[in-house]
Amino acid sequence: MIPVKYNIRSLRTRWVSSLMTILGTALVVWAVVLTFGLADGLDHTLAVSGEPLDLIIMRKGATAETNSIVNEAAAREMAALPGIASDAVGEMLCSPELVVVVNTPRRGDTGSGNMILRGVTPAAQQVRTGFQIVEGRENRPGLREAITSKQMARRFEGAGLNEELDVFGNNFTIVGLFEAGHSATESEVWTDLEVLAQTTRRVGIRSSIQIRANSADDAQSLSDRIASDEQFGLAALSEPEYYAEQAKSSRAIKVVGVFIAVVLSVGAVFAVANTMYGAVASRAREIGTLRALGFGRRTILVSFMLESLALCLAGGALGCLAALPLNGMSTGTANWVTFSELAFTFRFGPWVQVLALLLVAVVGTMGGLFPALRATRMKIVDALREI
Amino acid sequence: MKFLPYILRNVMRNKLRSIFTGVSIAVSLFLVTVMFAYVNMQDEMAIESLKYARIVTTARQGLTFPVPIAHVDKVRAMEGVKTVVPLAWFGGKYKDDKIPFAQFATDPAKVFDVFSEFTIPPEQLSAWQKDRTGCVIGEKIARKRGWKVGDKIVLKGDIYPVNLELTVDGIYDGPSTSDKEMLWYHYTYLDELLKQARSQMAGNAGTMFVKAERTEMLPDLMRRIDARFANSESPVRAMTEQAFRQMFTEMLGNIRAFIRNIAIIVVAALICVTGNAMAMSLRERTREVAVLKAIGFSRLIVLTLVLVEAVVIAVGGGIVGVLAARGLFSFSDLTLSGIPGFSTFYVPWSTVLFGLALAAAIGLASGLIPAWRAAQVSVVDGLRKVV
């Protein structure tokens, strides 16, 4: 076996060419990793949003809270159903909520986005895992005050702490920033239920009721009971079910990601093949010498394949490293189910990295194969005679 | 010009390398063109829509709030208005496909006057106008799903608590920039069902599409429509169709910027790999370049020869890639069905030209360093050099 050191030295000797190839591969890997990182982030946000014991009650047939209408009386009846968990002081974990979509300008000159404004009562915080105020204070009932997440504060005009948010011509003061375990809740602005109902002329109307069941069995019997009651015309979905539907939107990004990955890999295979053909051609005499010394054809093949792989892996590693600083960077796009903006962060989970390195390995193998085969097919005499 | 045969011979000297470089550029530029087309097409369609002199009127609070149907007749009576139709988004499920295509309740008597660029056989139009539960569908859905006139379609309501049982009465067609993936049915049919179900959503026109007599009238007419309902129970916001379409594009949020950035990364990668290929071929030709200079060619000519060679290879690959992208839309479907504003895909000629210019720029940028180095080669060193 020819020592790998030989290949590494060769790469170093032709360093400009090697560097260009590494850089080219790195950029390709970077582009692919970023795309999959986007899909992974979107999936993650919607996945952590679902707590199996939490149920979302909406009008039967509605697939998003933004499309659902539940009247106040029905909402009150829901609170009395058996199987709902209660908090330390005995209050039922049952939260009537009103959701309104507000078209709001984005910060900087980048158009506008649809923001979810949710009217809530204090119970809302208790049915959301990991909810806490991290800056400022809670909004007070009866006042035009609101709280939101840091992500929203950065993305939307008027959503920052102590700023005034314009809601259909009414100003709401942002008095606090919250966290909610990186869930979809962090894409929302919260205010008092009755204040929002009056501002939007929706008094007596709720969009959904969120409840937490005592146990999995209770969750099942609650949703069966609600579904069978013809009078209300309501249905209960568990949160994971509800968000699974919305997570389908990340499918489009994944398809785009695979498309980008495949096309760019094909381009990269040709580029790597070029470099390796160049390497084989300019080292014909060396190859001849190695053969004359007694190294077999297979050894030569392996050696050049390893060289190609080393080149690509270096590029792949560089590309992955270059993507890491973007991990956790927040971004946002449309959630077409709720017709509003979903804020999420780039995430480069293990499968994204593995996928990227796999891609690089394929490119290295495909790109190196034919040049390496050419190297093995050289006749010793001809190769030694080459200049 | 007299150097052209020499340049072409140089391009073809190492056929394999030139082809590989070309292919690498072709596939990557194919990707960049498709990505840019996605962004540019939305903008082009928005601008294109201006010539139809249409205004879209939504509730002032945004698309998720209704415009009352009574507004339609009031606007129709206004000066400068040619016709008005309601266009209520139904957003229903077909079997289990959620929002498989856009479905709108509208006025069959006038909708083809508002969307005057759409065509439909007159007998199909009059059949639809007489059939209360009839609908017309775009040529593209008909093709995709194999639906013909006479087929039955049942749509389950998501936003509205009713189901529609429709018969296909006609299939419309239109120019390539228009949305041929819509389904239109009688507004009165939806409203009757809603009244039977005693839904609060009866009497809801969704949005109003207003066709003005002339494009110049749009700004004034929009102001008058806004003013007409400013003090009513349901104030509205009128905007040009261009602004309306822009709103959907903006909803994509950072995805647009992301697409642009990926394209930039790909171009940078291409400059690396193409530059590498050029450097390799010039290294092999060092002696020849020295001879050129020895017989009296100036530095400038040597520089130009190499640059043109790089541009020829890059543009050659570019033409293949960009035209493949242009050709793609005719036989494949790269659309986001059911999302308004995203159900057509084509590569605008402006994007084709941009892609070709990009290819030339990549050629220039990648040839720059090898060309400069070739121009600097001293005759004595070059002739002595063993490659």
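In the text below, chain A, chain B and the rest are named by the order of the sequence lines, each starting its count at 1.
Contact annotation for B:Met280: only side-chain heavy atoms (C-beta onward) come within less than 4.5 Å of a heavy atom of chain A. With a 4.5 angstrom heavy-atom cutoff, A:Thr200 touches chain B via backbone and side-chain atoms both. Looking at A:Ser68, neither its backbone nor its side chain comes within 4.5 Å of chain B, counting heavy atoms on both sides. Neither the backbone nor the side chain of B:Ile19 comes within contact range of chain A, judged by heavy atoms closer than 4.5 Å. Proximity to chain B (any heavy atom under 4.5 Å) is shown, for A:Val167, by neither the backbone nor the side chain. Proximity to chain B (any heavy atom under 4.5 Å) is shown, for A:Ile260, by both the backbone and the side chain. Only the side chain of A:Tyr277 comes within contact range of chain B, with at least one heavy atom under 4.5 Å from a heavy atom of that chain. A:Phe344 does not touch chain B: none of its heavy atoms, backbone or side chain, sits under 4.5 Å away. Contacts of B:Phe258 with chain A are made by side-chain atoms alone, with heavy-atom separations under 4.5 Å and no backbone atom involved. For a residue to count as touching a neighbouring chain, one of its non-hydrogen atoms must lie under 4.5 Å from one of that chain's; by this rule B:Ala279 does not touch chain A. Using a 4.5 Å cut-off between heavy atoms, A:Leu38 touches chain B through its side chain atoms alone.
The distance from the CG atom of A:Asn67 to the OG atom of A:Ser208 is 11.5 Å, given to the nearest 0.5 Å. Residue A:Met366 holds its CE atom at 11.0 Å from OG of A:Ser308, rounded to the nearest 0.5 Å. Residue A:Leu19 holds its CG atom at 9.0 Å from CG of A:Leu318, rounded to the nearest 0.5 Å. Note that CE of B:Met41 and CG of B:Asp43 are 9.5 Å apart. Values are rounded to the nearest 0.5 Å.
Options A:Gly278, A:Ala31, A:Gly111, A:Ser112 differ in how many heavy-atom pairs under 4.5 Å they form with chain B, and the most are formed by A:Ser112. Contact count against chain A (heavy-atom pairs under 4.5 Å) is highest for B:Ile159 among B:Thr249, B:Ile159, B:Val266. Most heavy-atom pairs under 4.5 Å with chain B: of the set A:Ile69, A:Asn114, A:Leu34, this distinction falls to A:Leu34. Listed options B:Leu31, B:Ile25, B:Asn163, B:Ile262 were ranked by heavy-atom pairs under 4.5 angstrom with chain A; first place goes to B:Leu31. Ranking B:Asn276, B:Thr21, B:Asn261, B:Ile271 against chain A, the residue ahead of the rest is B:Asn276, based on heavy-atom pairs under 4.5 Å. For the set A:Arg14, A:Arg155, A:Met20, A:Arg59, the entry with the most heavy-atom pairs within less than 4.5 Å of chain B is A:Arg59. Highest contact tally toward chain A, considering only B:Lys156, B:Arg60, B:Glu233, B:Met247, is held by B:Glu233 [criterion: heavy-atom pairs under 4.5 Å]. Contact tally against chain B (heavy-atom pairs below 4.5 Å) for A:Val32, A:Asn103, A:Thr35: the top residue is A:Thr35. Between chain A and the options B:Ala257, B:Ala277, B:Pro161, B:Pro235, heavy-atom pairs under 4.5 Å are most frequent for B:Pro161.
When side chains are defined from C-beta on, B:Gln246 does not count as touching B:Met239, because their heavy atoms never get closer than 4.5 Å. Residues B:Asp226 and B:Val236 are in side-chain contact: their nearest non-hydrogen atoms beyond the backbone lie under 4.5 Å apart. Here the side chains of B:Val273 and A:Phe270 are not in contact, with every heavy-atom distance at 4.5 Å or above.
The aromatic rings of B:Phe101 and B:Tyr94 sit tilted relative to each other, their planes meeting at an angle between 30° and 60°. Classified by interplanar angle (parallel below 30°, tilted 30° to 60°, perpendicular above 60°), the ring pair B:Tyr38/B:Phe345 is tilted.
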request  = Begin with the C-alpha distance, continue with both residues' side-chain angles, and end with the deciding distance and a verdict on side-chain hydrogen bond (donor to acceptor under 3.5 Å, both in side chains) for A:Thr21 and A:Thr275.
outcome  = CA-CA 7 Å; A:Thr21 315; A:Thr275 309; 3.1 Å; yes
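A salt bridge is absent between B:Glu250 and B:Arg256: the closest approach of a Lys/Arg side-chain nitrogen to an acidic carboxylate oxygen does not fall below 4.0 angstrom.
B:Phe65 carries A:Arg202 over the face of its six-membered ring, with the cationic atom under 6.0 Å from the centre and within 45° of the normal.
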